2 protein chains.
Amino acid sequence: MTRLLVVEDDQALRRALAITLRARHYEVDTVGDGAAALRAAAATAYDLVVMDLGLPDLDGVEVIQGIRGWSAVPVIVLSAREAQWQKVDALDAGADDYVTKPFGMDELLARVRAALRRAEPAEGNSAPIVETPAFVIDLAAKRAHKDGREVRLTPTEWHLVEALVRRPGVLVPSTQLLAEVWGPHYERETNYLRVFFAQIRRKLEPDPGRPRYFITEPGLGYRFEP
Amino acid sequence: MTRLLVVEDDQALRRALAITLRARHYEVDTVGDGAAALRAAAATAYDLVVMDLGLPDLDGVEVIQGIRGWSAVPVIVLSAREAQWQKVDALDAGADDYVTKPFGMDELLARVRAALRRAEPAEGNSAPIVETPAFVIDLAAKRAHKDGREVRLTPTEWHLVEALVRRPGVLVPSTQLLAEVWGPHYERETNYLRVFFAQIRRKLEPDPGRPRYFITEPGLGYRFEP
DNA sequence: TCCGAGCGTCAAGGACGCGTCAAGAACGGC
DNA sequence: GCCGTTCTTGACGCGTCCTTGACGCTCGGA
């Protein structure tokens with residue numbers, strides 16, 4: 001399911017957007033101000049953010065920059081502001097697209113599709129099935145098998161496994177893993193990583209005491225070794 | 001150098017676009033019709049295409065579909081057509097963005113930057129791999145190999161190696177290395193450098209006693225000789 | 001020839017990060 | 001409201017990495 005976050009202070013428009021998008025089978029959360037937007041984006045891994053630039057608390061550009069600090073999620077900006085420099089500012093802050101109110105719903109939907117289409121290959125181009133002599137991971141189906149037996153992973157364990165397995169052989173810094181799985185405020189909680197990797201190794205590694213696939217690089221981060 | 005293809009039948013606008021984009025240090029090719037656009041896109045690996053929808057020979061949507069048949073290059077569509085369904089068609093055909101004429105040049109440039117920024121990580125712009133006859137260093141994956149064997153570097157060793165290898169051949173003053181790796185208060189602790197470079201040479205140099213790649217310039221600093 | 005500054009080497013200590021375990025808190029399903 | 005799962009939090013032992021000091025070497029100048 002594709003998850004969208006709608007950030008819009010005008011209640012009527014917020015409802016209209018949510019209804020229209022849900023009718024297209026997107027899963028939609030809505031918030032009404034910038035602080036809530038940042039909290040929501042930190043708590044949940046959305047596939048796309050639709051955001052009004054005129055928010056009551058924060059400037060839209062600040063919200064974009066806040067999100068861009070740790071996430072590459074596509075952001076489509078809605079705005080009644082016509083001035084060029086505002087579009088330029090928003091786009092340079094990290095927005096992916098800028099739609100001027102009043103806008104046609106069909107156009108917005110097309111831009112949502114375009115943004116999602118672009119983001120797709122970046123995330124899922126490498127095979128959604130990862131296979132090693134010890135275990136098989138199907139990222140699309142969210143299933144893992146070890147020695148033919150199905151292994152159950154909790155949501156957080158999946159999130160971690162995915163973050164590593166998506167870039168085989170590459171070292172992923174602890175801070176990046178924490179930001180990606182728990183959110184930007186958890187970058188110091190390295191003990192989470194220790195606890196969860198212990199669990200993941202117990203479930204997937206042939207010899208959990210001596211990891212072969214989920215490798216710790218002391219002081220740096222973790223690495224998935226295919 | 002970033003390479004752009006401009007597809008526009010109006011000669012005046014084509015020239016204006018080319019001049020503006022070149023002033024921003026993009027490398028720009030221009031063509032005047034759809035057939036030439038397809039030929040050019042096939043012949044050269046452009047980083048982005050800016051395309052007018054109203055072309056004399058082919059419909060712009062067909063050109064987009066033609067390009068999308070084999071390339072994922074970002075496409076920004078320009079058009080005087082206001083109707084929503086035309087935007088929807090172009091976006092669904094694979095366009096990344098749709099700008100309605102008349103448009104502001106600053107806005108177009110911002111959208112160009114946004115599109116290029118998105119495409120960047122997928123292509124892997126700068127080569128983070130440093131190769132010498134004796135060893136290979138992959139800065140992105142944080143891996144080092146010597147004679148085919150993997151060599152493990154500690155966090156501080158990585159930091160130092162990176163600081164030097166990023167600027168091949170140039171002499172980096174000791175104070176700068178110390179400030180960059182340990183912080184500004186450590187600029188006098190040159191013994192740190194001696195200890196760690198001894199370690200790094202032991203791990204990477206063919207003959208650690210007589211360094212060939214990590215060179216000391218007495219009294220000045222250190223240099224990486226590729 | 002002697003001397004000193006700067007560099008390379010080595011080894012010991014202490015600090016830090018990691019793996020492990022377990023218990024309490026939050027969450028969701030019934 | 002209860003129960004099982006999942007997440008959070010704390011404590012402890014251990015290994016690795018960083019820091020620090022001592023010593024020998026080379027090279028240039030007195």
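Since the structure is predicted, the reported quantities are computational estimates derived from the model, not experimental observations. Here is the naming used below: chain letters follow the sequence lines, and residue numbers restart at 1 for every chain.
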Check: So does B/Arg166 pair up with B/Glu180, basic N to acidic O under 4.0 Å?
Finding: no
Notebook entry, point to check: Considering residues at least two apart in sequence or located in another chain, which fulfil the salt bridge (charged side-chain N to carboxylate O under 4.0 Å, His left out) criterion with A/Asp106?
Noted result: none
Side-chain donor/acceptor pairs under 3.5 Å, residues 131-143 of chain A, sequence neighbours excluded:
{"unit_1": "A/Thr132", "atom_1": "OG1", "unit_2": "A/Ala134", "atom_2": "N", "d": "3.2"}
{"unit_1": "A/Thr132", "atom_1": "OG1", "unit_2": "A/Phe135", "atom_2": "N", "d": "3.0"}
{"unit_1": "A/Thr132", "atom_1": "OG1", "unit_2": "A/Phe135", "atom_2": "O", "d": "3.2"}
{"unit_1": "A/Asp138", "atom_1": "OD1", "unit_2": "A/Ala140", "atom_2": "N", "d": "3.1"}
{"unit_1": "A/Asp138", "atom_1": "OD1", "unit_2": "A/Ala141", "atom_2": "N", "d": "3.0"}
{"unit_1": "A/Lys142", "atom_1": "NZ", "unit_2": "A/Glu162", "atom_2": "OE1", "d": "3.2"}
{"unit_1": "A/Arg143", "atom_1": "NH2", "unit_2": "A/Glu150", "atom_2": "OE1", "d": "3.2"}

Check: For A/Asp9, what residues pass the salt bridge (charged side-chain N to carboxylate O under 4.0 Å, His left out) criterion, not counting sequence neighbours?
Finding: none
Check: What residues, two or more places apart in sequence or in another chain, satisfy salt bridge (charged side-chain N to carboxylate O under 4.0 Å, His left out) together with A/Glu187?
Finding: none
Checklist line | Residues that B/Gln86 engages under side chain to side chain donor-acceptor pair (under 3.5 Å), provided they are two or more places apart | finding: none
Notebook entry, point to check: What string of B, S and - do you get for nucleotides 12-30 of chain C 5' to 3' if you count protein non-hydrogen atoms under 4.0 Å?
Noted result: ------BBBB---------
Next item on the list: Report the residues that fulfil salt bridge (charged side-chain N to carboxylate O under 4.0 Å, His left out) with A/Asp52, sequence neighbours left out, ordered by chain and then residue number.
Entry: A/Lys101
Notebook entry, point to check: Think A/Thr156 has a side-chain N or O under 4.0 angstrom from the OP1 or OP2 of D/dC7?
Noted result: yes
Margin query: Enumerate the salt bridge (charged side-chain N to carboxylate O under 4.0 Å, His left out) contacts for residues 12-21 of chain A, please, sequence neighbours excluded, ordered by first and then second residue.
Written below: none
Hey, what are the protein-to-nucleotides 24-30 of chain D N/O distances that come in under 3.5 Å?
none

Donor-acceptor pairs under 3.5 angstrom involving side-chain atoms of residues 191-214 of chain B: please list them, not counting sequence neighbours.
{"unit_1": "B/Gln199", "atom_1": "OE1", "unit_2": "B/Arg202", "atom_2": "NH1", "d": "2.9"}
{"unit_1": "B/Arg201", "atom_1": "NE", "unit_2": "B/Phe214", "atom_2": "O", "d": "3.0"}
{"unit_1": "B/Arg201", "atom_1": "NH2", "unit_2": "B/Phe214", "atom_2": "O", "d": "2.8"}
{"unit_1": "B/Arg201", "atom_1": "NH2", "unit_2": "B/Thr216", "atom_2": "OG1", "d": "2.6"}
{"unit_1": "B/Lys203", "atom_1": "NZ", "unit_2": "B/Arg152", "atom_2": "O", "d": "2.9"}
{"unit_1": "B/Lys203", "atom_1": "NZ", "unit_2": "B/Glu157", "atom_2": "OE1", "d": "2.7"}
{"unit_1": "B/Lys203", "atom_1": "NZ", "unit_2": "B/Glu157", "atom_2": "OE2", "d": "3.4"}
{"unit_1": "B/Glu205", "atom_1": "OE1", "unit_2": "B/Arg212", "atom_2": "N", "d": "2.8"}
{"unit_1": "B/Glu205", "atom_1": "OE1", "unit_2": "B/Tyr213", "atom_2": "N", "d": "3.4"}
{"unit_1": "B/Glu205", "atom_1": "OE2", "unit_2": "B/Arg212", "atom_2": "N", "d": "3.2"}
{"unit_1": "B/Glu205", "atom_1": "OE2", "unit_2": "B/Tyr213", "atom_2": "N", "d": "2.8"}
{"unit_1": "B/Glu205", "atom_1": "OE2", "unit_2": "B/Phe214", "atom_2": "N", "d": "2.8"}
{"unit_1": "B/Asp207", "atom_1": "OD1", "unit_2": "B/Gly209", "atom_2": "N", "d": "3.2"}

Margin query: When the axes are fitted on five pairs at both termini, how much does the helix from C/dT1-D/dA30 to C/dA12-D/dT19 curve, in 10° steps?
Written below: 10°
Item checked: Sequence neighbours excluded, every pair satisfying salt bridge (charged side-chain N to carboxylate O under 4.0 Å, His left out) that has a member inside residues 30-44 of chain A -> none
Check: Which whole-number value in Å describes the distance from A/Arg152 CZ to D/dG4 C1'?
Finding: 11 Å
